2 protein chains.
Amino acid sequence: MDDVIARLERAERLEELQSIIEWLRDHYAVDDMVYHWVSSNGTQYGCGTYDPKWVARYLDQGYLRIDPVVLGCYQRFHPVDWKRLDWSSKAARALMSDAVAHGIGNQGYSIPIRGPNGQFALFTVSHTCDDETWKSFTELNRRDLILLAHYFNQTALRLEPGRTPEPTQALSPREVETMTLLAVGYSRAQVADTLSISEHTLRVYIESARFKLGALNTTHAVARAMARGLIVV
Amino acid sequence: MDDVIARLERAERLEELQSIIEWLRDHYAVDDMVYHWVSSNGTQYGCGTYDPKWVARYLDQGYLRIDPVVLGCYQRFHPVDWKRLDWSSKAARALMSDAVAHGIGNQGYSIPIRGPNGQFALFTVSHTCDDETWKSFTELNRRDLILLAHYFNQTALRLEPGRTPEPTQALSPREVETMTLLAVGYSRAQVADTLSISEHTLRVYIESARFKLGALNTTHAVARAMARGLIVV
DNA sequence: CGGCGCCTCGCCAGATCTGGGGAGTTGGAA
DNA sequence: TTCCAACTCCCCAGATCTGGCGAGGCGCCG
């Protein structure tokens, strides 16, 4: 563990994660181990030991949107055994049989991880064995897996291009208040009232914030302020 | 560690976290240890060993919005030493001196944790000592602290009333597209055009999404959709 | 001391959004 | 099969937001 974490912290390119995860798979003697982002906007990243054919098929078929592992983890915080997810829908069962046909193990354990700006990733271990064996494996290694998930995500966030620099001009205190109140549903009039200023002054803040954030309208400005973590809602 | 985690997993009431965190403070022989949600909508929860006077003052003064620990962690994924945060603003320095006056240690280490629906919490250790001592303490215990943060949050999420029943009604695909495009600055007309539907139909989606999200207006709906991770921008 | 950023205020017209009606098709779930 | 959620379309009036004009005071920094 110590070695792996140190390697993750030292890593300078995303590609290194691939060899680390392969090493981990062998170390824990499981069929597969996978780390991947989940995002709908297209910026995919993942590393792991799944058959590339399966990965391609998975993405191609849009399984991301029906996979109970993804959907289930998205609403949970704790690691989850695949057996405990909801496989009742037809699409989910079709996905499962397709997965089995591509050599994915019958057992799985996935850990959801979340970063800033709504970033979401999964760290998954999969294997073929009976329930008892799997239960003892996950109970024994759960903490290791949580930490690995954490460090994989940390490294991926650090190395992901476009995540780091972004000068992100800060907002003035009044602008922050304005954006925050707008984000919680206040109208301009209500915000102005809450801040005890004229509505016109408020508009100046909104426009100023919009300019700083490079936003096209108020909604855009609020969205950007949130995405950049400038306001806490 | 094993005992504590087992206690956290067994806990049936939020109050138990308080005694656990006190035990941990003594175990690690630090001045203070704190776990708390961060949200502006009022649903506060926290447990820890800070002087209640300081906690009350912190909330009362709205320090949540200017605390570099909160703001800094909100934009990060990894644990962070307080020294590495941006204390340059006047408000931040005022907060720090106020904290010191209330007996908060000069050293601190905070771990951001994120759960479903944009939930955000902090797990913090604070102490009074020199930089070297603190550095070795954090390096030695970082992994423990990450795991503790994780299990504290897991327990808090499990026990928090109102977190469980509300499965956060999902948005339909069209609603997601609508919210996403609005979040990137499109006007209603532009969104309708992009989606090749009438502007009226678009309005139906916006209103429907607003209803599902319990939002008061479009900006609020977009903000909530983002906060709950329903859209990725 | 002269900028520069922040905070504050006013007016107006046109663009945009919101709220309240009603209505038909389709595909998947019970 | 029946039902429901999702998707699509239309009108109108009033509320709200946006864009563009201008103006003054305060505090900080070089």
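If you're wondering where the values come from, they're calculated on a predicted model, not measured in any experiment. Throughout, protein chains are lettered first and strands after them, A, B, ... in sequence-line order, and every chain is numbered starting at 1.
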S.K.: Find the distance A/L171:CG to C/dC7:P and express it as a whole number of Å.
M.R.: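 From A/L171 CG to C/dC7 P: 11 Å.
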S.K.: Looking at A/D67, A/D81, A/T124, which one forms a side chain to side chain donor-acceptor pair (under 3.5 Å) with A/S110?
M.R.: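 Going through A/D67, A/D81, A/T124 one by one, the side chain to side chain donor-acceptor pair (under 3.5 Å) with A/S110 is satisfied by A/T124 alone.
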S.K.: Hey, does the side chain of B/S198 come within less than 4.0 Å of D/dT8's phosphate (OP1/OP2), counting only N and O?
M.R.: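 Looking at the OP1 and OP2 atoms of D/dT8, neither is under 4.0 Å from any side-chain N or O of B/S198.
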S.K.: Mapping A/S187 and A/V204 onto DNA chain D by nearest heavy atom, which one lands closer to the 5' end?
M.R.: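 It is A/S187, whose closest nucleotide lies nearer the 5' terminus.
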S.K.: For A/L195 and C/dC6, what is the distance between atoms CG and P respectively, to the nearest whole Å?
M.R.: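 A/L195 atom CG is separated from C/dC6 atom P by 16 Å.
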S.K.: Should A/D131 and A/Q107 be marked as a side-chain hydrogen bond (donor to acceptor under 3.5 Å, both in side chains) after you check the CA-CA gap, both sets of side-chain angles, and the distance that decides it?
M.R.: CA-CA 8 Å; A/D131 290 0; A/Q107 303 284 357; 2.7 Å; yes
S.K.: Can you tell me the distance, in whole Å, between the CD atom of A/E177 and the P atom of C/dC6?
M.R.: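 Going from A/E177 (CD) to C/dC6 (P), I get 14 Å.
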S.K.: Using whole Å, what does the distance between atom P of nucleotide C/dT16 and atom CG of B/L182 come to?
M.R.: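 Whole-Å distance recorded here is 14 Å.
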S.K.: Of the options C/dC7, D/dA6, D/dC9, whose atoms approach the side-chain atoms of A/P173 most closely?
M.R.: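 Of C/dC7, D/dA6, D/dC9, C/dC7 is nearest to the side chain of A/P173.
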S.K.: Rounded to whole angstrom units, what separation is found between the CD atom of A/E199 and the P atom of C/dC11?
M.R.: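 Spelled out: CD on A/E199 to P on C/dC11 is 12 Å.
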S.K.: Tell me whether the side-chain N/O atoms of B/K212 come closer than 4.0 Å to OP1 or OP2 in D/dA5.
M.R.: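 Indeed not, no polar side-chain atom of B/K212 lies that close.
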S.K.: Grab the CZ-P distance between B/R188 and D/dT18 for me, whole Å please.
M.R.: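 From B/R188 CZ to D/dT18 P: 12 Å.
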S.K.: At under 4.0 Å, does any side-chain N or O of A/S89 touch on OP1 or OP2 of C/dA29?
M.R.: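 For C/dA29, OP1/OP2 do not have a side-chain N/O of A/S89 under 4.0 Å.
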S.K.: To the nearest Å, give me how far apart CZ (B/F211) and P (C/dG20) are.
M.R.: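 Those two atoms, CZ and P, are 13 Å apart.
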S.K.: Would you classify B/S172 as touching base, sugar-phosphate or nothing, given that sugar-phosphate means primed atoms plus P, OP1 and OP2, and contacts are heavy atoms under 4.0 Å?
M.R.: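 Since only primed, P, OP1 and OP2 atoms lie under 4.0 Å of B/S172, the category is sugar-phosphate.
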S.K.: Rounded to whole angstroms, how far apart are NE2 on A/H200 and C1' on D/dT18?
M.R.: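 So the NE2-C1' distance, A/H200 to D/dT18, works out to 11 Å.
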S.K.: Do the side chains of A/E139 and A/K135 get close enough for a salt bridge, i.e. N-O under 4.0 angstrom?
M.R.: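 Result for this pair is yes, salt bridge flagged.
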S.K.: State plainly whether the residues A/R142 and B/E9 are in salt-bridge range, i.e. N to O under 4.0 Å.
M.R.: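 B/E9 and A/R142: salt-bridged.
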S.K.: For a quick check, tell me whether the side chain of B/R203 and the base of C/dG20 share a donor-acceptor pair closer than 3.5 Å.
M.R.: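 Indeed there is one.
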S.K.: Quick one: on DNA chain C, does B/N217 or A/R174 contact a more 5' nucleotide (nearest heavy atom)?
M.R.: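 Nearer the 5' end of the strand: A/R174.
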S.K.: Under a 4.0 Å threshold between the charged nitrogen and the carboxylate oxygen, would B/R203 count as salt-bridged to B/E199?
M.R.: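 No salt bridge links B/E199 with B/R203.
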S.K.: Contact class for B/S208 vs. all strands (heavy atom < 4.0 Å): base, sugar-phosphate, or nothing?
M.R.: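 B/S208: no heavy atom of the nucleic acid under 4.0 Å.
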